[in-house]
Amino acid sequence: MTYEVTYIISPAIDEAAKNSLVERFDGILKDNGAEVVDSKDWSKRRFAYEIGGFTEGTYHIVNIKADDAKAIDEFDRLAKINDGILRHMIVKREA
């Protein structure tokens, strides 16, 4: 199965912390059996409304392949409690 994970990174963290966060979450996916096809920043954008006190953030997109939902479930759980990720969305892509 192929999934697309999009998440918004808080503008309050510096570039090094952002890179560390991306590596950590790519690692979470890999450690739970997913293959990361690509992981890249999309762009920094202004929000239509304020999220967590911020008016902009960096959108990051990860495309993965996984046999089951274990990696996605773990990503979802940890993204919800991470201050560096303002919002995230996971979409199952049709092959």
Side-chain angles (χ1 to χ4, degrees):
M1 292 178 274
T2 307
Y3 296 91
E4 181 179 277
V5 180
T6 305
Y7 56 96
I8 304 172
I9 302 169
S10 168
I13 62 176
D14 62 23
E15 192 67 23
K18 181 179 83 67
N19 292 337
S20 175
L21 180 133
V22 168
E23 283 178 25
R24 177 169 174 247
F25 277 89
D26 284 356
I28 288 164
L29 292 166
K30 290 175 190 169
D31 293 346
N32 286 283
E35 174 196 342
V36 175
V37 177
D38 66 356
S39 175
K40 60 185 182 287
D41 282 352
W42 180 26
S43 68
K44 190 170 202 167
R45 306 196 121 167
R46 291 190 65 75
F47 303 145
Y49 55 90
E50 199 173 273
I51 300 175
F54 298 106
T55 57
E56 66 178 19
T58 302
Y59 285 70
H60 191 86
I61 298 177
V62 184
N63 288 295
I64 66 165
K65 290 182 181 173
D67 294 332
D68 56 34
K70 181 181 169 194
I72 292 296
D73 291 344
E74 185 65 2
F75 180 96
D76 186 52
R77 184 182 76 80
L78 293 171
K80 287 176 181 171
I81 58 174
N82 188 297
D83 293 337
I85 296 179
L86 300 178
R87 291 280 191 280
H88 69 284
M89 179 176 70
I90 301 165
V91 178
K92 185 175 177 184
R93 312 264 322 242
E94 296 300 321

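Position 1 is the first residue of the sequence; numbering continues from there. Please read these numbers as outputs of a predicted model, since none were measured by experiment.
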Listing, residues 19-29 side-chain donor-acceptor contacts under 3.5 Å, not counting sequence neighbours, or none:
residue : atom : partner : partner atom : Å
Asn19   : ND2  : Glu15   : O            : 3.4
Asp26   : OD1  : Ser39   : OG           : 3.2
Asp26   : OD2  : Ser39   : OG           : 2.9

Just to verify, what does [X] make a side chain to side chain contact (heavy atoms under 4.5 Å, CB included) with, not counting sequence neighbours?
{"X": "Asp14", "result": "Ala16, Ala17"}
{"X": "Glu4", "result": "Thr6, Ile61, Asn63, Arg93"}
{"X": "Met89", "result": "Val91"}
{"X": "Arg46", "result": "Thr55, Glu56"}

Side-chain heavy-atom pair Asn32, Ile72 within 4.5 angstrom cut-off: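 No. Closest side-chain heavy atoms not under 4.5 Å.
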Student check: side-chain heavy atoms of Phe75 and Val62 closer than 4.5 Å: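 No, their side chains stay 4.5 Å or more apart.
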Atom of Pro11, atom of Gly57 and distance for their closest heavy-atom approach: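 That closest heavy-atom pairing would be CD-CA, 4.2 Å.
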Spatial distance of atom CE (Met1) from atom CD (Glu94) [nearest 0.5 Å]: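 Going from CE on Met1 over to CD on Glu94, the span is 11.0 Å.
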Contact list for residues 70-80, test side-chain hydrogen bond (donor to acceptor under 3.5 Å, both in side chains), sequence neighbours left out: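 Every side-chain hydrogen bond (donor to acceptor under 3.5 Å, both in side chains) pair that includes a residue of residues 70-80, provided the two are not neighbours, is Glu74-Arg77, Asp76-Lys80, Asp76-His88.
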Asp41: salt bridge (charged side-chain N to carboxylate O under 4.0 Å, His left out) partners, not counting sequence neighbours: Lys18
Salt bridge (charged side-chain N to carboxylate O under 4.0 Å, His left out) against Asp67, all qualifying residues, sequence neighbours excluded: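 So Asp67 forms no salt bridge (charged side-chain N to carboxylate O under 4.0 Å, His left out) with any residue.
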Polar side-chain atom of Ser10 near backbone of Ala12 as donor-acceptor pair, under 3.5 Å: yes
Which residues share a ring-ring contact (aromatic ring centres under 6.0 Å, His included) with Tyr59, sequence neighbours left out: Trp42
